[in-house]
Amino acid sequence: MIIPMNKDAKYDPAKIELKWQKKWTKDKLYQTKEDSKKEKFFVLDMFPYPSGEGLHVGHPKGYIATDIISRFQRMHGKSVLHPMGFDAFGLPAENYAIKTKTNPIDSVTKNVQRYKEQLEILGFDYDWSREVNTTDPAYYKWTQWIFLQLYKKGLAYESFEPINWCPVDKTGLANEDVENGRCERCGALVEKKPMRQWVLKITDYADRLLADLDTKKPNGDTFLDWPHSIKEAQRNWIGKSEGAEIEFTLKMANNKPRFVLIHGYKGSPEQDFFPWLKKELEKRGHEVQVPALPNPENPKESEQVDYVINNCTIDENTVIVAHSLGGVVAQKALMKLNKQISGLVLVGTAITPGFSKESKSRLFHKNFTWDFDYVRINKLAQGRVAILSDTKEIHRGAFLKDMAGKLSGAFIETPAVKEHFTASEEPAILKCVTPTVSVFTTRPDTIFGVTYIVLAPEHPWVSELLSQIENKAEVEAYIAQAKLATEIERTDAKKEKTGVELKGIRAINPANSEEVPVWIADYVLADYGTGVVMAVPAHDERDFAFAKKFGLPTKHVVMEPITVMSGITTFRPDEPIVYRNVIRAVVKHWSEDKYLVLTWKDDGRKSFISGGIEGDEDTIVAAKREIEEETGYTDLDFISYIGGKVRARFYAPIKNQNREDLQQGILFQLKSNKNVGISEAEQKIHAIEWMSLEDARKVMDPTLVDFITVNRLIANNQTYTGEGVLCDSGSFTGKDSGLIKKDITLSVGGQWVSKYKLRDWVFSRQRYWGEPIPLIHCKKCGVVPVPEKDLPVKLPKVKSYEPTGTGESPLADIHKWVNVKCPKCKSPAKRETNTMPQWAGSSWYYLRYMDPKNKNALVDPKKEKYWAPVDMYVGGAEHATRHLIYARFWHKFLYDIGTVSTTEPFIKLQHVGLIMGEDGRKMSKRFGNVVNPDDIVKAYGADTMRLYEMFMGPFDQQIAWSTSSMVGVRRFIEKVWRLRETVSKKEVSQDTLSELASSAAGSQSPALLPKRPSNSSSSETVNRILHKTIKKVTADINTMSFNTAVSTLMIAVNELEKIESITRDQFELLLKLLAPFAPHAAEELWYSVGNKTSVHISSWPVHDESLIVETEVNIIVQVNGKVRASFKVEVNTNDSELEARAKDIPEVKKWLDGRLVKKVIVVKGKLVSIVVV
RNA sequence: GCCGAGAUGGCGGAAUUGGUAGACGCAUACGACUCAAAAUCGUACGGAGAAAUCCAUGGGAGUUCGAUUCUCCCUCUCGGCACCA
């Protein structure tokens, strides 16, 4: 595109830009040092990935901004660190290598070179002596070092769990690399594949990553000055939710063990927990025997053992639970019987005569023998042995732990309700003998509404229970199918729900002891929460959809907040309330899509049919009765209940009483128009009408229950997921659901916990072009870290980069490299062949800029202390939940091990809005809308491009490129150029003037343009213009409002242009303001007026407020809020005079004539607002 | 569905704590300069109207002397998350 430009202009960027770039480099103008006398400023760009395509015009936008900030801060006398580097490991370079069979090192070197050239022509002030490259072994030595530290702290672990696998790129992916079930890089559908991999425990840092987003400074500002949207995206990604973890006991229909409960010394079946445990077990359908052992006060071994053998049924279906000395009896009986049993639970049992903390000797010490064949006991109990120990019994506990070891039994240490398990209820024992599953819920308040529970198909219990499931084949088929489905298929919320009931297993709701069915379904995710959901279809949409599909019941336990009626039915607070259960019936026409609506004759309100339920009358019967009474229709079918229960409080005028109704909606359909008529009394009260639901919605009062009902019918919304008042919830009935969540959790023995959506970081890539993971696998020693002195583990050259898809990277074939000696035992071992993901190197690169050449440490602590943290970080918002989370995670870890001194890496973050193509689409080769910065610089100059990108619009906003609009900023620079000629001649030597002329393009002599006679050539006017500009530009750079900063400069130049001449000092002020934006032009002009050192190391001007103050202000006059006139006045004119002046203006008088002035508002220095009637 | 950001002339956008809506730039029109063109300079530039004046910041209400700005509801656009219990 050809844009008309001033060919005669003396401004020729091609002549000056390269010249200054060379000089700045030669002078090392931008090399920076740790200077303890100066304040530091660390301004950072997200470093680029050098692709083969080079930069397009959108990439430098952020770099221009940081360059402006960097120069601005340098001119403030700060020591500025503004570095640049390259992130070059990863798939694009590797895929290119595969295609061209070249070593990625070569293409990376070439691309980096090209990128640097493109950056250099824009005149950035990077300190290139600090350049880093993630693929440089001297750099990735430290990436590997960080991995080793993570490994040593247990934060890197080997896992064999199924992970996201991209079948095209043939590598595992982190959760963060998957977008909507597809590989973020290539778009292929991601599969679940079990795979050996290295995983970083980022979840250990979830809480801190979340909390520090909001950490406040002492002054109340948040420590992280980040865009709200990025913080929010991170919060979302971490996904903390608080809720309850509650245990549900499972009950099996088959394989019901029978229990023999054996009491201890001085015990009996009526004492301690025995009666309660017996009842609880029987409730679950178990047969229970509790023998009363002879002589409990003075027990003898053989007497008690024989009693058990002779009086109890002990076989392979028997579980023996024995308390205290009963445990000895049980073991002895078992040894004597020598028969297999189903299980043995020893509760606070006795082991030797000296087990108790009481030293006094007891008779039974002698009457019992204290030898046990633990191996045999374990065998007889089929390995199912559990030993319960009360945490309060420290002395006994030590013995029990030892015993558990010998018995190879489960040692369960738990606080008993009463010491030595002597309370009347000891839930720990029950838990031990009955299998339970733990559910996670954020709505424990709805627990009374649970009608089934659902396990994830992968839940470990499912395979454990398989033998006891009646429909085993069906369940296995479902699990197999769930495994086959891709992530995207499984997690599609719109998909119809699937699932299978585990027949023969029931779960017991701990809130009300109700038995509910147990299902597995793939809508429950194995790796979130506990992998088990308590389903409350009445108050959760997913549960409802599932319940509806499989015909599971719905139970409402939360009433919607009360609806408060008005008018004739306004509640009368002083009178008593009658509480009722009420039906609200909607009756559909026999042939049309219309419904019965009543119009109340007293106040004209419209409602559906309603009436109280009498006593224990059936709801449907009550509804039919009311329909007949109020409308006369009798021939109807029940269709369904409508939504949840709604509570309403109102005054019933007909009955003269206050009421609080708990309303249940019911839908009926008429089969015919059969009508028995209604009583005269009813006819007087209301009229009947047929309406469509939409019409009914329009005429019903939005505050009334009927409105909720009709909305539900229209939306077909059957669940109420909000908070409200509980009903049918035992002792919690009537309570506010939002307030008792924790109480209800504790009451069912649950705990209040936090869960996160964030998953651990899958850190292995089965690819070539990445940092080798510095570990060695030894057959004897297992996984052995590479000693730090042997770092870096260099990536070897290979012939084929093709990924293998086997779970190993192509490195596995480089035998020379793979086969090493174990660092520990020196026997033959193999290197880990997985490499690190692309995000590894970028997770800490900002630290290396502080000390890029250090061979002994990642960063010198002194240098780190000086430069950290990053004061300003600019980059794309697309990194919100990957790079920025990973880097924060590593940084916090490095803080924990003392490598860095701050808890957060980036204090201020600003994201760049994308530059789109001229067609509004993303700039891409594919669309052919890519604009190359080199071409733009050639045509307009780097300064024009810089100014234009800043002027386009708000920095963080996405805006389309427009080459034709660039001419405006180019004209602006030319204007500044011409302004140079108005600088008073006597202040600048002729030499420099001619020097400037000679550097100009073309040979035509510039005709001096006729100037308008200036309205004031006084220095004062110029100073006012300049100082206002200093103030605004300074403020705008600080808030990154570059577009208005540029426009402010334009305004200033437009104004200065009108003035005949300005002084050199004044012109220099302008150049300083321009310098960060257009560094070449500013430098050229700066030298041209006689300076010998760079404008970029001059000092930023400070505005003088006294020069800005205007003596005259414009006052606007409003009449009834409309602007009618304005006048100029001295700044300090007082209110009454302002009012008088305003009222005196003819244009104002016109509006005041014949009207009464009601009020006058005077805002000093701004306006007079007159209100008239 | 949930969370976040946004919607202002032909176009990109501006507007301090609510106080003259449309700064600055592009495009357009006219004029000056020129043989002419380009460039430059000047003038105009939201809509309706001859004018007075009226209407205009996605739509609708509200608070206020006064709303682009504050509150509520709705529509649309962009970004993030999404069967997260």
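Here is how names work: the chains are called A, B, and so on, in the same order as the sequence lines, proteins then strands, and each is numbered from 1. Note that these values count all heavy atoms, side chains included, but never hydrogens, waters or copies made by symmetry.
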List for me each residue that meets side chain to side chain donor-acceptor pair (under 3.5 Å) alongside [X], sequence neighbours excluded, and say none if there are none.
{"X": "A:W226", "result": "none"}
{"X": "A:N1043", "result": "none"}
{"X": "A:Q958", "result": "none"}
{"X": "A:N509", "result": "A:N512"}

Measure from [atom1] on [X] to [atom2] on [N] and round the result to the nearest Å.
{"X": "A:D12", "N": "B:rA39", "atom1": "CG", "atom2": "P", "value": "18 Å"}
{"X": "A:K922", "N": "B:rC78", "atom1": "NZ", "atom2": "C1'", "value": "13 Å"}
{"X": "A:D540", "N": "B:rC83", "atom1": "CG", "atom2": "C1'", "value": "9 Å"}
{"X": "A:F955", "N": "B:rG12", "atom1": "CZ", "atom2": "C1'", "value": "17 Å"}
{"X": "A:E1139", "N": "B:rC65", "atom1": "CD", "atom2": "P", "value": "16 Å"}
{"X": "A:E184", "N": "B:rG80", "atom1": "CD", "atom2": "C1'", "value": "14 Å"}
{"X": "A:N236", "N": "B:rG4", "atom1": "CG", "atom2": "P", "value": "9 Å"}
{"X": "A:R882", "N": "B:rG80", "atom1": "CZ", "atom2": "P", "value": "11 Å"}

Establish, from distance only, whether the side-chain atoms of [X] and [Y] form a donor-acceptor pair under 3.5 Å.
{"X": "A:T1039", "Y": "A:S1041", "answer": "yes"}
{"X": "A:Y948", "Y": "A:T963", "answer": "no"}
{"X": "A:Y720", "Y": "A:D540", "answer": "no"}

Just N and O in the side chain of [X]: are any of them under 4.0 Å from OP1 or OP2 of [N]?
{"X": "A:R971", "N": "B:rC26", "result": "yes"}
{"X": "A:K1028", "N": "B:rU16", "result": "no"}
{"X": "A:Q1118", "N": "B:rU20", "result": "no"}
{"X": "A:S962", "N": "B:rC11", "result": "no"}
{"X": "A:R970", "N": "B:rG25", "result": "no"}

Distance between [atom1] atoms of [N] and [M] (Å, rounded):
{"N": "B:rC41", "M": "B:rG46", "atom1": "C1'", "value": "26 Å"}
{"N": "B:rU71", "M": "B:rG79", "atom1": "P", "value": "26 Å"}
{"N": "B:rC72", "M": "B:rC81", "atom1": "C1'", "value": "27 Å"}
{"N": "B:rC65", "M": "B:rG58", "atom1": "P", "value": "24 Å"}
{"N": "B:rG19", "M": "B:rU69", "atom1": "P", "value": "11 Å"}
{"N": "B:rA56", "M": "B:rA48", "atom1": "P", "value": "15 Å"}
{"N": "B:rU28", "M": "B:rG80", "atom1": "C1'", "value": "41 Å"}
{"N": "B:rG22", "M": "B:rU57", "atom1": "C1'", "value": "9 Å"}

Next item on the list: Please tell me which of the listed nucleotides, B:rG25, B:rG13, B:rC41, lies nearest to the side chain of A:M1050?
Entry: B:rG25
Identify whether any heavy atom of [X] sits under 4.0 Å from a base atom; if not, whether one sits that close to sugar-phosphate; answer base, sugar-phosphate or nothing.
{"X": "A:I1051", "answer": "sugar-phosphate"}
{"X": "A:V524", "answer": "base"}
{"X": "A:P954", "answer": "sugar-phosphate"}
{"X": "A:V1123", "answer": "sugar-phosphate"}
{"X": "A:T441", "answer": "sugar-phosphate"}
{"X": "A:K755", "answer": "nothing"}
{"X": "A:N1054", "answer": "sugar-phosphate"}
{"X": "A:K231", "answer": "nothing"}
{"X": "A:E878", "answer": "nothing"}
{"X": "A:I1116", "answer": "base"}
{"X": "A:K975", "answer": "sugar-phosphate"}

Check: Is A:K497 side chain donor-acceptor paired with the B:rC83 base, going by distance under 3.5 Å alone?
Finding: yes
Margin query: Between the base of B:rG80 and the side chain of A:E232, is there a donor and acceptor pair under 3.5 angstrom?
Written below: no
Notebook entry, point to check: So A:Y528 and A:F440, would you call those rings parallel, tilted or perpendicular, with 30° and 60° as cut-offs?
Noted result: perpendicular
Pairs of donor and acceptor atoms involving the side chains of residues 175-183 of chain A, under 3.5 Å and at least two apart or interchain, shall be tabulated with distances.
{"residue": "A:E176", "atom": "OE1", "partner": "A:Y886", "partner atom": "OH", "Å": "2.8"}
{"residue": "A:E176", "atom": "OE2", "partner": "A:W237", "partner atom": "NE1", "Å": "3.0"}
{"residue": "A:D177", "atom": "OD1", "partner": "A:W839", "partner atom": "NE1", "Å": "3.3"}
{"residue": "A:D177", "atom": "OD1", "partner": "A:R882", "partner atom": "NH2", "Å": "2.7"}
{"residue": "A:D177", "atom": "OD2", "partner": "A:A174", "partner atom": "N", "Å": "3.2"}
{"residue": "A:D177", "atom": "OD2", "partner": "A:R765", "partner atom": "NH2", "Å": "2.9"}
{"residue": "A:R182", "atom": "NH1", "partner": "A:G187", "partner atom": "O", "Å": "2.9"}

Note to self: Within residues 1166-1173 of chain A, which residues have any heavy atom lying less than 4.0 Å from an atom of RNA chain B?
What the structure shows: A:K1166, A:L1167, A:S1169, A:V1171
Check: What pairs meet the ring-ring contact (aromatic ring centres under 6.0 Å, His included) rule with one or both residues in residues 1154-1173 of chain A, with sequence neighbours excluded?
Finding: none
Collect all protein-nucleotide pairs involving nucleotides 70-75 of chain B in which both atoms are nitrogen or oxygen and the distance is under 3.5 Å.
none

Notebook entry, point to check: Want to settle it: does A:R1124 or A:N180 sit nearer the 5' end of RNA chain B, counting the closest nucleotide to each?
Noted result: A:R1124
Check: How do A:E179 and A:I1115 order along RNA chain B: which one's closest nucleotide is nearer the 5' end?
Finding: A:I1115
Item checked: N-O pairing of A:K497 and A:D522 below 4.0 Å -> no
Check: When syn is taken as a glycosidic angle within 90 degrees of 0, is B:rG47 syn or anti?
Finding: anti
Note to self: Both atom distances under 3.5 Å, Watson-Crick or G-U wobble: I'd like the secondary structure of RNA chain B as a dot-bracket string, with | for pairs made across strands.
What the structure shows: (((((((..(((......[....))).(((((.......))))).(((....)))..(((((..]....))))))))))))....
Next item on the list: Evaluate whether atom NZ of A:K483 has more than 12 neighbouring non-hydrogen atoms of other residues, nucleotides or ligands under 6.0 angstrom away.
Entry: no
Notebook entry, point to check: How would you list, by chain and number, every residue that makes a salt bridge (Lys or Arg N to Asp or Glu O under 4.0 Å) with A:K975, sequence neighbours excluded?
Noted result: none
Next item on the list: List in chain and number order the residues that pass salt bridge (Lys or Arg N to Asp or Glu O under 4.0 Å) with A:K757, two or more places apart in sequence or in another chain; answer none if no residue qualifies.
Entry: none
Extract all donor-acceptor atom pairs below 3.5 Å that involve side chains of residues 1152-1164 of chain A and protein atoms in other chains or at least two apart in sequence.
none

